[in-house]
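In what follows, chains carry the letters A, B, and so on, assigned in the order in which the sequence lines appear, proteins first and then strands, with residues in each chain numbered from 1.
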Amino acid sequence: MISRMSTMFLRTLRDDPADAEVPSHRLLVRGGYVRRIAPGVFSWLPLGYKVFRNVERIVREEMDKAGFQEVHFPSLLPREPYETTGRWTEYGENLFRLKDRRDNDYLLGPTHEEVFTLMVKGEYSSYRDLPLSIYQIQTKFRDEARPRAGILRGREFVMKDSYSFDVDHEGLEASYERHRKAYISTFDRLNLDYVIVSAMAGAMGGSRSEEFLASAEVGEDTYVKCSCGYAANVEALIIPMAKFNPELNLDADLPSSHVEETPQTPTIDSLVAVSNARTDLARPDRAWLASDTLKNLLLMVTDASGNDRPLAIGVPGDREVDMRRLEAALYPEVARPFEEADFAAYPMLAKGYIGPQILGKDSESEIEFLTDPRIVRGTRWITGANVSGKHVFDLVFGRDFESDGIIDVAEVIDGDTCNECGGHLEKARGIEIGHIFQLGTKYAEALGLKVLDENGELVTVTMGSYGIGVSRAVAAIAEQHHDDKGLVWPREISPADIYLVAAGKTPEIFAAAEDLAEQWDALGLRVILDDRMGVSPGVKFNDSELLGIPTIVVVGRGLEKGVIEVKDRVSGERADVSVDTVVADVHRICTT
RNA sequence: CGGGGCGUAGCGUAGUGGCUAGCGCGCCUGCUUUGGGAGCAGGAGAUCGGGAGUUCGAAUCUCCCCGCCCCGACCA
């Protein structure tokens, strides 16, 4: 089809909007693709809606190709099913709730496990009907505490969500694999550069779970990748246990521990500096490092029933505890750092100088003590002496202290060891564009979705849940496909194949442009014809680049000599093409 | 929810107690111009986020509220 700039409902902005930071937000607003209408709520303007629908179409085609069936649920949902599964309260503040005129509770669906489960329950009752995978492309609502980055994280967004239903775990595995494959072909077609990382199932419940992360600096998820192909969300990353020498004689081969006066060493850095500066403390073989110190952190952990218990965590002093990894490790329990009142309840803890000698279930404090996987038999540490102003040196794990177990929650640092190949991990940021879960029986159990198996026994259906952020994918593509001039859409995503500029004022130029537009249109190409009168060529060129259409054709001063200019948006290369061949040439460019 | 920044026309902004709130872009009219965000002339467009207060006088000072952006907390 032909879209004409002279009549299109579009206004591009010369300046970046002041409230937009990330490239996708900035460029989608500047290009007139989207406009904000409320916090985290956006409208799609004509050009933006074309892009959105292209992404949606690709997602739909890939789902259909995989054999999943599309349905459409309401966004407005009754409270009851969500009450049954506990999510009416579990979802908390993020759930958009409303009441009807009779004071009944409703919600705007954040995700649709409940109603899908109930629908299948209403129709199916035999194992013969399974497996089944159904999906919808729907507007979702989450009252995010802080919407941000334009349409990357909104309160209203469009998601493709699928649900699989199987009689047993083998079936679930197969359904999961089918979705995984469909997601790979979908994101490949969307021209996204992404990784698949193992993830935590989190609040969704269930077991196996992987995230598809589109690499982008502005991404909210941190993951690690290795040259061997291993990738993981930092929350789910497993750090290998440090190697140790079982032959080592801890008493004979290692110096014995000794307590030292170390005033003015409130931080790890100052402790290391003092240890190296004092000749009586210096190591003969090398300087002390922050990683030779042992940092012990006190937390108060609250379980699902609201009961508190203290927990001590020991990590090498060169790293912080990563709160997201901690949260993932303790889930469903939640933790917070010790406060003054907590320290008051444990007078044996000398704040800032806590050492493992008094930690552990069997110790004086009876506080459970978990340690980082790098802390193994024979490792020697500088750590607090449980007396203010004193540290203990050469405290050896396995000889001078033990822990109650391993906890892997220290922050991940570039260069950390890969658990798969032993190589070096690299940290990166990504946008979560897809997430696949094995839910298991959580929802089917709660809502009573059972079928008769071949033995006539009732079995609870096992489910999977699979999401793709459709609107978010548009922003993710924009993040990965832009330059300093504007957007650079992959052709299948682009709102048009050709941006055709009439650069000049003569009727001949406009007539020639109109003629070309019609010829390409007849060949099935999508053309934006910049037929604006009285707009200087510079404006048209800039808009053509800002809007990011892959092929730009200029009808202008070359027309007299019989040439048309054809530009490639990605490479910036331009070529003069004869008017006689330009239709076929551009058609070929656009279709190969 | 905590910390920081901000709110003046569709967009970007100037304006720290004093005349009719200024400028650029965009928009309208006319003329000129047409290969990289044109020129001249004229014009429309502002509850200065909202409310209360201080003052002879408030965009400007005070208080409360609302909203936006960033960081954190939170986040299938």
Tell me what [X] touches on the nucleic acid: a base, only sugar-phosphate, or nothing, going by heavy atoms under 4.0 Å.
{"X": "A/Arg574", "result": "base"}
{"X": "A/Val554", "result": "base"}
{"X": "A/Ala502", "result": "nothing"}
{"X": "A/Glu565", "result": "base"}

If I take atom OH from residue A/Tyr499 and atom NZ from residue A/Lys567, how far apart are they, to the nearest 0.5 angstrom?
10.5 Å

Do the side chains of [X] and [Y] get close enough for a salt bridge, i.e. N-O under 4.0 angstrom?
{"X": "A/Asp568", "Y": "A/Arg574", "result": "no"}
{"X": "A/Glu21", "Y": "A/Arg148", "result": "no"}
{"X": "A/Arg569", "Y": "A/Asp483", "result": "yes"}

Any donor-acceptor pair under 3.5 Å joining the side chain of A/Arg30 to the base of B/G37?
yes

State whether the distance check finds a donor on one side and an acceptor on the other, under 3.5 Å, for side chain A/Arg11 versus base B/G37.
no

Residue pair A/Asp16/A/Arg36 against RNA chain B: nearer the 5' end by closest nucleotide is A/Asp16

Sorted by position of nearest nucleotide on RNA chain B, 5' first, the leading residue of A/Arg14 and A/Val535 is A/Val535

Could you tell me whether the phosphate oxygens of B/U34, OP1 or OP2, come under 4.0 Å of any side-chain nitrogen or oxygen in A/Ser536?
no

Separation of the [atom1] atoms in [N] and [M], to the nearest angstrom:
{"N": "B/G37", "M": "B/G17", "atom1": "P", "value": "41 Å"}
{"N": "B/A58", "M": "B/U54", "atom1": "P", "value": "12 Å"}
{"N": "B/A21", "M": "B/A44", "atom1": "P", "value": "14 Å"}
{"N": "B/A59", "M": "B/C75", "atom1": "P", "value": "45 Å"}
{"N": "B/G15", "M": "B/G72", "atom1": "P", "value": "31 Å"}
{"N": "B/U55", "M": "B/U60", "atom1": "P", "value": "16 Å"}
{"N": "B/C6", "M": "B/A14", "atom1": "P", "value": "11 Å"}
{"N": "B/U20", "M": "B/C48", "atom1": "P", "value": "15 Å"}

Rounded to whole angstroms, how far apart are [atom1] on [X] and [atom2] on [N]?
{"X": "A/Glu217", "N": "B/C70", "atom1": "CD", "atom2": "C1'", "answer": "16 Å"}
{"X": "A/Ile564", "N": "B/G35", "atom1": "CD1", "atom2": "P", "answer": "15 Å"}
{"X": "A/Ile431", "N": "B/C75", "atom1": "CD1", "atom2": "C1'", "answer": "16 Å"}
{"X": "A/His25", "N": "B/C70", "atom1": "NE2", "atom2": "P", "answer": "8 Å"}
{"X": "A/Asp543", "N": "B/G26", "atom1": "CG", "atom2": "C1'", "answer": "12 Å"}
{"X": "A/Leu152", "N": "B/C70", "atom1": "CG", "atom2": "P", "answer": "11 Å"}
{"X": "A/Arg153", "N": "B/G72", "atom1": "CZ", "atom2": "C1'", "answer": "14 Å"}
{"X": "A/Asp143", "N": "B/C1", "atom1": "CG", "atom2": "C1'", "answer": "14 Å"}

Measure from the side-chain heavy atoms of [X] and tell me the nearest of [options].
{"X": "A/Asn542", "options": "B/G36, B/U13, B/U34", "result": "B/G36"}
{"X": "A/Glu21", "options": "B/C70, B/G37, B/U34", "result": "B/C70"}
{"X": "A/Asp15", "options": "B/C11, B/G37, B/G35", "result": "B/C11"}
{"X": "A/Lys567", "options": "B/G36, B/G37, B/G35", "result": "B/G36"}
{"X": "A/Arg148", "options": "B/C74, B/C69, B/U13", "result": "B/C74"}
{"X": "A/Glu545", "options": "B/G36, B/C75, B/G37", "result": "B/G36"}
{"X": "A/Val539", "options": "B/U34, B/G36, B/G37", "result": "B/G37"}

Which nucleotide, in any strand shown, forms a Watson-Crick or G-U wobble pair with B/C6, with both distances under 3.5 Å?
B/G67

Identity of whatever pairs with B/A59 - Watson-Crick or G-U, under 3.5 angstrom
none

Taking the six-membered ring for Trp, are A/Trp489 and A/Tyr33 parallel (under 30°), tilted (30 to 60°) or perpendicular (over 60°)?
perpendicular

With a 6.0 Å cut-off on ring centres, are A/Tyr163 and A/Tyr135 close enough?
no

Any non-hydrogen side-chain atom of A/Glu156 less than 4.5 Å from a side-chain atom of A/Leu108?
no

